[in-house]
Amino acid sequence: MQFSNLSLLLLFLRGSWAAATLGDWNVLNTTIGGRLLQGVPFSSPCFSSLDGHPTTPNPAACAAVRSGYDDELVRANVSGAYMITQWETCQSSAQQCLLDFLDAQNLSPSLPSQTCNSGSVPDYFVDVRTASDVVAAFNFTRKTSVPLVIKNTGHDYKGRSSAPGSLALWTHNLKNISYNANFVPEGCSKPSPALTVGAGVQWQQAYQFADSRNFTIVGGTDRTVGVSGGWVQGGGHSALSNTMGMGIDRVLEFKIVTPDGQLRVANACQNTDLFWALRGGGGGTFGVVLESTTLVSPVVTVQAILLSITSPSANLTEELYSTMINNGLKWADDGYGGYVSGGTAVYLTPKLTAAEHTASMAPMIEFGKRLNATGTGIYELLEFPTWLSFFNVFTETELEAQGPPVGNSLAMASRLVTRANFQTASARSELLNGLLAATALTPSLLFDITAPSSFPGDNTTSISPVWRDAVYHVTVKVPWNWNATTEEKLSAYELVNTSIDHLRAITPVASYSNEGAVHEPEHETAFWGNNYERLLKLKHQYDPEHILDCWQCVGWKPSSPRFSCYL
Ligand SMILES: Cc1cc2nc3c(=O)[nH]c(=O)nc-3n(C[C@H](O)[C@H](O)[C@H](O)COP(=O)(O)OP(=O)(O)OC[C@H]3O[C@@H](n4cnc5c(N)ncnc54)[C@H](O)[C@@H]3O)c2cc1C
Ligand SMILES: *[C@@H]1O[C@H](CO)[C@@H](O)[C@H](O)[C@H]1NC(C)=O
Ligand SMILES: *[C@@H]1O[C@H](CO)[C@@H](O)[C@H](O)[C@H]1NC(C)=O
Ligand SMILES: *[C@@H]1O[C@H](CO)[C@@H](O)[C@H](O)[C@H]1NC(C)=O
Ligand SMILES: *[C@@H]1O[C@H](CO)[C@@H](O)[C@H](O)[C@H]1NC(C)=O
Ligand SMILES: *[C@@H]1O[C@H](CO)[C@@H](O)[C@H](O)[C@H]1NC(C)=O
Ligand SMILES: *[C@@H]1O[C@H](CO)[C@@H](O)[C@H](O)[C@H]1NC(C)=O
Ligand SMILES: *[C@@H]1O[C@H](CO)[C@@H](O)[C@H](O)[C@H]1NC(C)=O
Ligand SMILES: *[C@@H]1O[C@H](CO)[C@@H](O)[C@H](O)[C@H]1NC(C)=O
Ligand SMILES: *[C@@H]1O[C@H](CO)[C@@H](O)[C@H](O)[C@H]1NC(C)=O
Ligand SMILES: *[C@@H]1O[C@H](CO)[C@@H](O)[C@H](O)[C@H]1NC(C)=O
């Protein structure tokens with residue numbers, strides 16, 4: 001296909017003009033074997049215009065968009081779809097192409113009077129299959145100055161996998177997966193059992209593969225987050241991280257194309273600086289990962305408790321939080337991980353027997369019995385023979401249903417709560433008050449009990465060291481729908497900020513780069529602590545020309561036009 005003058009004009013009208021000619025795009029498409037895809041917003045088949053140009057709605061494609069609007073499996077398959085939808089839009093110009101999150105069948109957002117704009121959806125996507133595809137894109141962006149982004153699953157909460165007028169490297173179709181009982185990182189000598197996955201592999205596929213071969217891998221709680229992209233490069237927390245470590249503790253090797261065009265193998269024995277940077281320094285910063293290899297462990301038996309308040313009240317929330325806080329250190333030491341939000345709690349441990357679990361959880365069981373006796377809630381003790389059997393039930397629970405929604409726009413902020421917050425009666429009371437105040441402002445406050453509390457690490461990762469002292473990673477979020485005004489969006493960003501301030505006041509400067517506030521104050525310290533300086537040096541070494549850049553990423557240039565859509 002040749003690029004029409006019209007599409008060139010549209011690029012110009014979108015304000016995304018960079019020095020790319022039709023010839024440049026065609027040459028790129030040829031160089032990568034014809035795998036250049038036009039960037040199109042997910043909901044565009046429902047609209048009768050695109051970027052100011054009339055289009056014909058496609059009823060069948062639109063019906064699929066409406067029925068899959070909040071379905072992560074559907075969105076993950078579509079290059080122009082993002083899980084958190086403001087990152088499909090241009091917030092600063094209020095240009096978008098969204099449907100009603102609460103009722104995707106609602107016709108109002110796509111009436112002919114409504115426009116569909118590409119917003120932050122990249123102009124083109126490279127359907128990446130080889131290292132050479134990545135090099136071609138580096139060459140292209142060097143020549144044309146068109147901003148380059150990396151998109152894997154599009155789960156990012158901070159808009160780091162989209163940008164207006166950009167070219168995206170879409171890693172979704174790198175789906176290879178293999179097991180090696182004696183994997184030896186290149187240049188090393190010690191073998192370990194390991195799983196190697198292409199950058200497009202997502203947790204559901206990886207968990208099923210691992211389970212079918214009777215081993216455990218440590219990953220997130222969402223089926224479609226990627227194994228090798230932003231998740232692991234930013235840290236990667238799991239309900240098993242307490243005893244088994246975070247993603248960065250278990251990764252053994254990355255294959256990565258750095259901005260100089262070299263395909264490198266980074267591990268503990270070669271390219272060790274780069275390996276360190278990729279273990280926490282963040283995605284989209286040092287190169288394009290094509291593949292990662294991660295340690296596997298024998299099958300674990302998971303002891304769990306599920307407790308749910310069915311008649312919510314302020315008193316019961318306070319009682320739940322007090323029970324958690326008064327036992328926080330003991331449960332951290334007993335290997336527990338889990339999630340608590342909206343009056344539902346899931347705690348699990350791979351470390352205890354059923355009898356030890358019942359004994360350790362006695363205070364939670366007491367609380368559950370009182371809920372049951374007063375008809376205000378339920379609880380259940382459960383044993384799962386494998387991580388996957390837990391995961392399959394978990395994805396059905398109410399907690400997951402209230403969990404991070406996809407297909408919606410939202411503001412988020414997070415904080416790490418450390419052991420010091422539990423050590424004295426006054427610290428515990430301060431923590432309780434801080435959490436209750438934050439919950440009052442943002443009721444969907446989520447406790448990720450996913451810190452590596454019993455896993456000191458080997459001091460070769462680049463996340464903030466505060467993670468190793470942490471007991472909870474707490475997130476708050478405020479959603480908005482398609483027709484929110486700019487003022488409403490701004491107040492959502494402010495509200496999460498004000499809410500998390502109640503924890504900022506009593507914790508070290510530490511947040512999770514993948515789930516922190518878009519406007520995180522002191523973000524370098526909050527995400528990386530004393531590792532930041534070395535990360536910055538490595539950024540300058542591997543990407544001196546800023547071929548890669550993303551919001552509050554190491555060495556970012558806030559003035560870059562790629563950030564023009566942020567509020
Ligand atoms: C519903 C939901 C559940 C979540 N659950 C968890 C959880 O349990 N634990 C947890 O730790 N986090 C969780 N997260 C946060 C998650 O870790 C981040 O959203 C992360 O950025 C996702 O990475 P991705 O590659 O899948 O997504 P993308 O949005 O595609 O990419 C995110 C970032 O990584 C970069 N990147 C992607 N691929 C590559 C690559 N191949 N090479 C280099 N850079 C790359 C992108 O440029 C971007 O900067 C969750 C998020 C959501 C929306
Ligand atoms: C790239 O080339 C392929 C094969 O020639 C073609 O099908 C595709 O439409 C082209 N991509 C774009 C964006 O024009
Ligand atoms: C996503 O794509 C894969 C591969 O093409 C396909 O098997 C799967 O059914 C798709 N899932 C959805 C929900 O569209
Ligand atoms: C990238 O550019 C270099 C230097 O001009 C060239 O040698 C190389 O062939 C190009 N690679 C691709 C895949 O375009
Ligand atoms: C994926 O695996 C197949 C079969 O082993 C192999 O031919 C192919 O090169 C692999 N692709 C990548 C991108 O590693
Ligand atoms: C996994 O374990 C089950 C039950 O112990 C056994 O039946 C099966 O053969 C094992 N599978 C593999 C691939 O080892
Ligand atoms: C809530 O707690 C307060 C103080 O602890 C108590 O006075 C009040 O009766 C409780 N309310 C209910 C409905 O249990
Ligand atoms: C909860 O109460 C009901 C009776 O009201 C009882 O049948 C059930 O066993 C109780 N559940 C637990 C977990 O105690
Ligand atoms: C971790 O490494 C840094 C830098 O090499 C060193 O200063 C620090 O003491 C180490 N910490 C531990 C716990 O080993
Ligand atoms: C947005 O639309 C919903 C119905 O879809 C309506 O209830 C609400 O008032 C609208 N909000 C604004 C700000 O227009
Ligand atoms: C967020 O809170 C911090 C600390 O309280 C404050 O300095 C900053 O201005 C706030 N930012 C926004 C965007 O509200």
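Along the sequence shown, residues carry numbers from 1. In listed order, ligands and their atoms are each counted from 1. Reckoned from all heavy atoms, side chains included, excluding hydrogens, waters and symmetry mates.
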For Tyr512, which of Tyr472, Trp528, Trp467, Phe527 qualifies under ring pair (Phe, Tyr, Trp, His ring centres under 6.0 Å)?
->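 The single option meeting the ring pair (Phe, Tyr, Trp, His ring centres under 6.0 Å) with Tyr512 is Trp467.
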Would you mind running through ligand 11 and noting each atom that sits below 4.0 Å from a heavy atom of Glu494?
->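 Near Glu494, meaning under 4.0 Å from one of its heavy atoms, ligand 11 has 14 (O).
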Short list, please: which atoms of ligand 11 are under 4.0 Å from a heavy atom of Asp501?
->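 This gives 2 (O), 4 (C), 5 (O) as the contact atoms.
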Consider only side-chain N and O atoms of [X] and [Y], and report whether a donor and an acceptor are under 3.5 Å apart.
X: Tyr566; Y: Gln86; answer: no
X: Thr442; Y: Ser499; answer: yes
X: Thr115; Y: Ser49; answer: no
X: Gln552; Y: His519; answer: no
X: Thr258; Y: Arg264; answer: yes
X: Thr171; Y: Asn152; answer: yes

Heavy-atom protein contact below 4.0 Å for [atom]:
atom: atom 2 (O) of ligand 11; answer: yes
atom: atom 14 (O) of ligand 10; answer: yes
atom: atom 11 (N) of ligand 11; answer: yes

Nearest neighbour in protein (non-hydrogen) for [atom]:
atom: atom 8 (C) of ligand 11; answer: Asn497 ND2, 3.6 Å
atom: atom 6 (C) of ligand 10; answer: Asn483 ND2, 4.1 Å
atom: atom 7 (O) of ligand 11; answer: Pro521 CG, 4.7 Å

Which segment of Leu102 sits under 4.0 Å of ligand 10 when only heavy atoms are counted =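 None of Leu102 does.
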Among Asp133, Asn173, Asp127, the one residue meeting side chain to side chain donor-acceptor pair (under 3.5 Å) with Arg35 =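 With Arg35 as partner, side chain to side chain donor-acceptor pair (under 3.5 Å) holds for just one option, Asp133.
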Is there at least one pair of N or O atoms, one from Asn139 and one from ligand 4, spaced under 3.5 Å apart?
->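 Yes, Asn139 has an N/O under 3.5 Å of an N/O on ligand 4.
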Would you check if Leu548 and Phe286 make a side-chain contact, meaning some heavy-atom pair closer than 4.5 Å?
->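 Leu548 vs Phe286: side chains apart.
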Give the atoms of ligand 4, by number and element, whose distance to some non-hydrogen atom of Ser132 is under 4.0 Å.
->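 Near Ser132, the atoms of ligand 4 are 13 (C).
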Could a heavy atom of Asn106 be found less than 4.0 Å from some atom of ligand 10?
->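 The answer is yes: ligand 10 sits under 4.0 Å from a heavy atom of Asn106.
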Atoms in ligand 10 with a heavy atom of Asp100 nearer than 4.0 Å =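 Those of ligand 10 that fall under 4.0 Å from Asp100 are 5 (O).
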